[in-house]
Amino acid sequence: MKRHAAALAVTALAATALAGCAAPGTEPAKTPEVVVIRGAVAYTDVLRYDYTGDGKRNRVRFWMEFDGHSARGTPGTPGYVPAGGTMRYFLRDEDDNTKVLKWRQGLDMVGAPRDVPVPMTDLVFEGKTAKFEAFGVRWTITDDGDGYPNDKIYVNDGFRTVVPTKLYAGNLWIGPPQ
C-alpha cells in the first residue's frame, strides 16, 4: 500500500512538472500584455482668467486627461476585465500646476465638458495607438515618443476629422503600464 501511494505521489509530481513544459518546437501560450493610455496634454496656449475673483488674471490652460486599459483575460472566464477607461477636460493654473475648480461659471463655456470622468467606450489598442468613443465623437490617439510634440490626437465627429489637434504641453503614454 505504501509503495502504491508513493508511486501515485511520484506520478502526480511528474505530471505537474510536465504540465508546464511545451512540446518540442512550440512555446507556451503567453498571457496578452495589458496596454494602457495614461497622461494629460494641454490643448490651448496660456490664457488669462481671474478664476479667484481677486482681480488678478491668472495664467491658465485647458487640458485633456486620459486613463484607460486594454482588456484583461478571456471573455466569459472568471477575472475577465473588458477594455475601458475615462477621459476628462480640466483647467489648470500654469503658475502653481493646480486644477482650477468652479471655473465654468465665469467663462462663457456653454456645452463645455465638466471636470468629471467620461467613459471611453469601444476602446481598442493597436500598437502605440488607442481608438475609442467619448463625448459622442470618435478619438484616435497616437504616442510616437516622449513629450507632447510626439503625441497626435484626431477627433472625428461624424462629419469631419480634425487633423491633428494642436497640443501645447504634457505627455501621453500608450504601452505597458509604467
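Computed from a prediction, not measured in an experiment: that's the story for all the values here.
Scanning for side-chain contact (heavy atoms from CB on, under 4.5 Å) contacts around Asp96 gives Asp93, Thr98, with sequence neighbours left out. Partners of Asp67 by salt bridge (Lys or Arg N to Asp or Glu O under 4.0 Å), not counting sequence neighbours, listed by chain and number: Arg38. Remark: Lys152 pairs with no residue by the salt bridge (Lys or Arg N to Asp or Glu O under 4.0 Å) rule, at least two apart or across chains.
A 4.5 Å side-chain heavy-atom check between Leu172 and Leu167 finds every atom pair outside the cut-off. Put simply, the side chain of Arg92 reaches to within 4.5 Å of the side chain of Asn97, judged on heavy atoms.
Tyr49 and Val46 fall into different hydrophobic clusters, where Ile, Leu, Val, Met, Phe, Trp and Tyr residues are linked whenever their side-chain heavy atoms come under 4.5 Å apart, directly or through other members. Val36 and Val124 are not part of a single hydrophobic cluster, where members link through side-chain heavy atoms under 4.5 Å apart. When hydrophobic clusters are built by joining Ile, Leu, Val, Met, Phe, Trp and Tyr residues whose side-chain heavy atoms come closer than 4.5 Å, directly or via intermediates, Tyr168 is not grouped with Val155.
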Donor-acceptor pairs under 3.5 Å, side chain of residues 74-82 to any protein atom, not counting sequence neighbours: which ones?
{"from": "Thr77", "atom 1": "OG1", "to": "Thr74", "atom 2": "O", "distance (Å)": "2.5"}

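Of all heavy-atom pairs spanning Ala130 and Leu123, the tightest one is CB-CD1, 4.3 Å. Nearest heavy atom pair, residue Ala134 against residue Pro119, reads CB-O, 3.7 Å. Looking at every heavy atom in both residues, Met120 comes nearest to Gly68 through SD-CA, 4.3 Å.
With values rounded to the nearest 0.5 angstrom, Asp45 atom CG is found 9.5 Å from Glu94 atom CD. Rounded to the nearest 0.5 Å, atoms OG1 (Thr44) and CH2 (Trp63) are 9.5 Å apart. Expressed to the nearest 0.5 Å, how far CD of Glu65 lies from NZ of Lys99 amounts to 4.5 Å. Note that CZ of Phe125 and CZ of Phe132 are 9.0 Å apart. Values are rounded to the nearest 0.5 Å. Between atom CE of residue Met87 and atom CE of residue Met64 there is a gap of 6.0 Å, rounded to the nearest 0.5 Å.
Within the structure, side chain to side chain donor-acceptor pair (under 3.5 Å) contacts touching residues 136-148 (residues at least two apart or in different chains) are Lys128-Asp143, Thr129-Thr142, Asp146-Asn171. Sorted by first and then second residue, the side chain to side chain donor-acceptor pair (under 3.5 Å) pairs involving residues 53-62 (not counting sequence neighbours) are Thr52-Asp54, Arg59-Asp95.
Ring-plane geometry between Tyr89 and Tyr43 is classed as perpendicular, the angle between the planes exceeding 60 degrees on a 0 to 90 degree scale with a lower cut at 30.
Checking each of Asp151, Ile153, Thr165 against Ile141 for a side-chain contact (heavy atoms from CB on, under 4.5 Å) leaves exactly one that passes, namely Ile153.
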